[in-house]
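Below is one structure, written out as structure tokens, with a few remarks after it.
Quick note: numbers below take in every heavy atom, side chains included, and nothing from hydrogens, waters or symmetry partners.
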Amino acid sequence: MTTRATPGHAPDGAAAAQGFRVTVCVAAALMIASLVQFLPARTMPRPVVSEGSAMSVLWPQGWNFYASEPTQTAVVAYRVGDGGGLTAVTVRQMSARTDLGLSRAGSAQLVELGNISAGLPRTAWQDCVGLDPQVCESRTLTRSRSFYRDATSHATLCGHTLIAVVDPDPGRLPNGWGIEECANVYVECAA
């Protein structure tokens, strides 16, 4: 006696096996297509090379978007405490403070920080190339503060702030980041 699959019931064994094989074949085809970009161009026939360049149009970042080291400078901010201690203010996009990237607060803060750093005069910046980060920070904090009026509606960088432009340097230990320049700033926020 043969049983037929009815709506709401599991399919018979042959249909389930066929569905599994189709799923495996589709997954394998996608995996092979994404691995083609890593093959050297000289080892592939010309039609495959042109398909690889077409694939890069559809999938431009490859896996480097997720796995590569940062290569550009970043601007970060630290709140300066009464005793001169520093507390990081800027947060990563995937932080719990930004609801793992779902909140736009991290992006808004980066825009705010970019506006402040762009609005500072060139004389506000301490050159730190080649200096130890602690030396750079202490030299910057001994300089007179620059004042900046932040007109952002939901400002997060109010008060005494140290702004640093950091550069990824894989040879620098322990964290691989070096400070290019710093600014000692008092950010006045609109009420």
Asn184 side chain vs Arg143 backbone, donor-acceptor pair below 3.5 Å: yes
Gap separating the OH atom of Tyr78 from the OG1 atom of Thr161, nearest 0.5 angstrom: 12.5 Å
Cys136/Cys182 sulfur gamma separation below 2.5 Å: no
Ile163 side chain near Glu181 side chain, heavy-atom distance below 4.5 Å: no
Thr73 side chain reached by Val166 side chain, heavy atoms, under 4.5 Å: no
Heavy-atom closest pair, residues Leu113 and Ala77: CD1-CB, 3.9 Å
Side chain to side chain, Thr142 and Gln126, heavy atoms closer than 4.5 Å: no
Which atom of Trp125 lies closest to which atom of Ser117, heavy atoms considered: CZ2-O, 3.7 Å
Non-hydrogen side-chain atoms of Ile179 and Glu137 separated by less than 4.5 Å: yes
Taking every non-hydrogen atom, the tightest pair across His154 and Glu112: O-OE1, 4.4 Å
Closest non-hydrogen atom pair between Arg79 and Val89, with its separation: N-CG2, 3.3 Å
Modelled atom types, side-chain donor and acceptor of Thr156 and Gln109, under 3.5 Å: yes
For Asp150 against Val187, the heavy-atom pair lying closest together: CB-CG1, 3.6 Å
Any side-chain heavy-atom pair of Ile116 and Leu157 under 4.5 Å: yes
Flag if over 12 foreign heavy atoms under 6.0 Å of OH, Tyr148: yes
